Amino acid sequence: MTEGAGRGDGMPNGSVDPGWPIRRPADLPGPTTWQTVRRSLVSRGARSWYVGGGISLIWLISPGQAVLSASGSWWAAAIGIALLVVYGIAFLLSGPLEWVLPASGRMLVVGALFVLSLLLMPWLGWQLPGIWTYVGVAWGMAALPWRPTWIGIAGITVLALVCEAVAQGGFENALWVPAIILSISLMMAAFAQTQATMARLRATQRHVEALAAERERGRVARDLHDILGHSLTVIAAKSELGERLVDIDPERAKGEMADVASLARGALADVRATVAGFRGMSVGGELAAVRVALDAADIALEAPVNADAVGPEHRELAGWVLREGVTNVIRHARATRCRVRLDAASVIIDDDGIGPTTGSGGSGLTGLRERVDAAGGTMSIGRGDLGGFRLEVRL
């Protein structure tokens with residue numbers, strides 16, 4: 001089986017992109033529509049699913065032979081084979097349909113697939129569980145919470161065991177088909193849950209990035225207002241004063257105009273610095289991003305609400321420190337708690353993990369040290385107050 005399609009980011013234009021699962025109704029501003037379903041059925045990810053699912057349909061050859069053997073006439077064989085073909089097509093369509101339906105809709109899709117399998121009972125008899133692996137896979141790929149996922153897969157497995165026991169005349173040789181159903185269904189359920197979690201994390205990351213960008217735009221707007229508001233007010237006052245002094249005290253008027261030129265150059269430099277800060281690394285955006293990343297890693301975070309304590313000249317460097325430090329906490333520390341302290345002179349990141357080990361200074365920290373040195377700061381690593389690893393950068 002291969003991945004499905006789409007992003008769960010609730011994009012207003014309804015576009016479908018590669019990834020799994022596709023947009024769930026909970027992520028959308030409105031209900032699932034036929035247009036959403038149609039896009040899912042023909043998306044690039046759906047085509048990948050059709051290839052993988054189509055290869056798996058090779059296992060329907062044996063039930064097909066059983067249908068032909070059990071048919072007493074050509075028309076009975078034709079009906080049985082047609083039902084088997086419809087069953088295979090329904091399985092292929094189940095994946096892309098599940099990607100856009102709510103939980104109740106996904107369960108209906110699996111239920112319909114199971115009912116369709118029962119129509120083959122006259123031909124397959126008690127050997128019907130041989131095609132229930134597809135029902136189990138469809139249930140696993142529905143990406144429901146684990147409790148109903150386990151109940152559904154266990155239910156179809158037990159039912160298959162009973163049917164196989166009746167067909168085999170006992171339980172001694174009845175375990176193979178149920179074992180196949182259970183193992184493959186659980187494997188696909190684990191795959192679906194992993195992909196669904198990744199999709200949610202990607203959607204959350206995009207949302208956080210949008211919020212961080214919005215906050216940064218607000219910061220730039222405030223900075224520009226403060227810079228230009230003050231500078232232009234002083235420039236206007238000095239220009240008016242110079243205009244009045246030009247005939248009375250030309251020398252003083254020249255001095256006032258020189259001040260105006262100096263203020264204008266300073267304001268221009270401040271605007272350029274603000275714009276450069278906007279285009280570079282944002283410590284505010286990184287602080288928001290690490291909250292989401294640590295929450296996803298189940299690591300408690302103790303950090304300031306905002307990064308206002310860091311001066312504008314240090315915000316880019318502080319952003320890099322936050323990114324690298326928290327990345328190390330998530331990847332290597334095995335921590336349950338992380339503490340971030342920010343002020344005008346330093347960035348300190350502590351965790352309660354395993355602490356410094358041989359080779360703690362990896363390539364990421366080496367690159368960060370070079371960046372800190374280039375900015376005129378100092379960086380140190382060691383064991384912190386929480387008992388784990390500490391990264392401290394003096395700005």
Side-chain angles (χ1 to χ4, degrees), residues 1-2 4-5 37-38 40-42 45-101 104-144 149 152-164 166-167 174 176-189 191-192:
M1 308 297 175
T2 56
V37 173
R38 182 181 60 81
S40 176
L41 292 174
V42 299
R47 292 194 293 270
S48 298
W49 164 265
Y50 297 149
V51 172
I55 293 173
S56 74
L57 293 180
I58 193 173
W59 294 104
L60 291 180
I61 292 177
S62 179
Q65 293 173 336
V67 167
L68 294 176
S69 300
S71 301
S73 61
W74 67 268
W75 58 266
I79 294 175
I81 293 298
L83 284 174
L84 201 61
V85 171
V86 171
Y87 178 76
I89 294 174
F91 167 72
L92 291 180
L93 296 178
S94 66
L97 287 174
E98 288 176 333
W99 300 337
V100 293
L101 293 175
S104 58
R106 284 172 263 160
M107 289 189 284
L108 284 176
V109 169
V110 180
L113 189 64
F114 177 72
V115 171
L116 187 59
S117 73
L118 297 180
L119 298 180
L120 289 160
M121 189 76 176
W123 290 269
L124 299 181
W126 293 108
Q127 296 180 350
L128 190 63
I131 65 173
W132 283 350
T133 302
Y134 299 99
V135 177
V137 168
W139 186 262
M141 290 297 291
L144 298 168
T149 297
I153 293 176
I156 195 72
T157 301
V158 171
L159 187 58
L161 179 61
V162 172
C163 292
E164 284 292 308
V166 173
W176 288 105
V177 171
I180 292 173
I181 293 174
L182 180 65
S183 60
I184 294 180
S185 299
L186 287 179
M187 179 184 69
M188 296 308 296
F191 168 77

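These numbers come from the heavy atoms of this one structure, side chains and all, not from hydrogens, waters or symmetry mates. The structure displayed is predicted, hence computed values, not measured ones.
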If every non-hydrogen atom of Glu164 is compared with every non-hydrogen atom of Trp126, which pair is closest and at what distance?
-> OE2-O, 4.1 Å
OG1-CD1 distance between Thr133 and Ile180, expressed to the nearest 0.5 angstrom | 6.5 Å
Any side-chain donor paired with an acceptor under 3.5 Å for Ser117 and Trp132?
-> yes
Give, for atom CH2 of Trp49 and atom CD of Glu98, the distance between the pair rounded to the nearest 0.5 Å.
-> 7.5 Å
Given the options Leu182, Val158, Ile184, Ile153 meets side chain to side chain contact (heavy atoms under 4.5 Å, CB included) only with Leu182
Return the minimal non-hydrogen interatomic distance between Ser94 and Ala138, and the atom names on each side.
-> OG-CB, 4.0 Å
Tell me, do Trp123 and Ile79 make a side-chain contact under 4.5 Å, heavy atoms counted?
-> yes
How about Leu118: does its CG atom have over 12 heavy atoms from other parts shown lying under 6.0 Å from it?
-> yes
Where do Leu119 and Leu83 come nearest, in terms of heavy atoms and distance?
-> O-CD1, 3.8 Å
Determine whether Ile131 and Tyr87 make a side-chain contact, defined as any pair of heavy atoms from C-beta on separated by less than 4.5 Å.
-> yes
Kindly compute the distance separating CD1 (Ile156) from OG (Ser185), expressed to the nearest 0.5 Å.
-> 8.5 Å
Do the side chains of Gln127 and Val177 get nearer than 4.5 Å, heavy atoms only?
-> no
Between atom CG of Leu41 and atom CZ of Arg38, what is the distance when rounded to the nearest 0.5 Å?
-> 9.5 Å
Decide yes or no for Met188 and Trp139: does some side-chain heavy atom of the first lie under 4.5 Å from some side-chain heavy atom of the second?
-> no
Looking only at heavy atoms, what is the nearest atom pair of Leu144 and Arg106, with distance?
-> CD2-NH1, 4.0 Å
Of all heavy-atom pairs linking Leu120 and Gly80, the shortest is CD2-O, 3.6 Å
Any side-chain heavy-atom pair from Tyr134 and Trp59 closer than 4.5 angstrom?
-> yes
Flag the pair Leu92 / Leu57 as yes when at least one side-chain heavy-atom distance between them is below 4.5 Å, and no otherwise.
-> yes
What's the shortest heavy-atom distance between Phe91 and Ser56, and which atoms?
-> CE2-OG, 3.7 Å
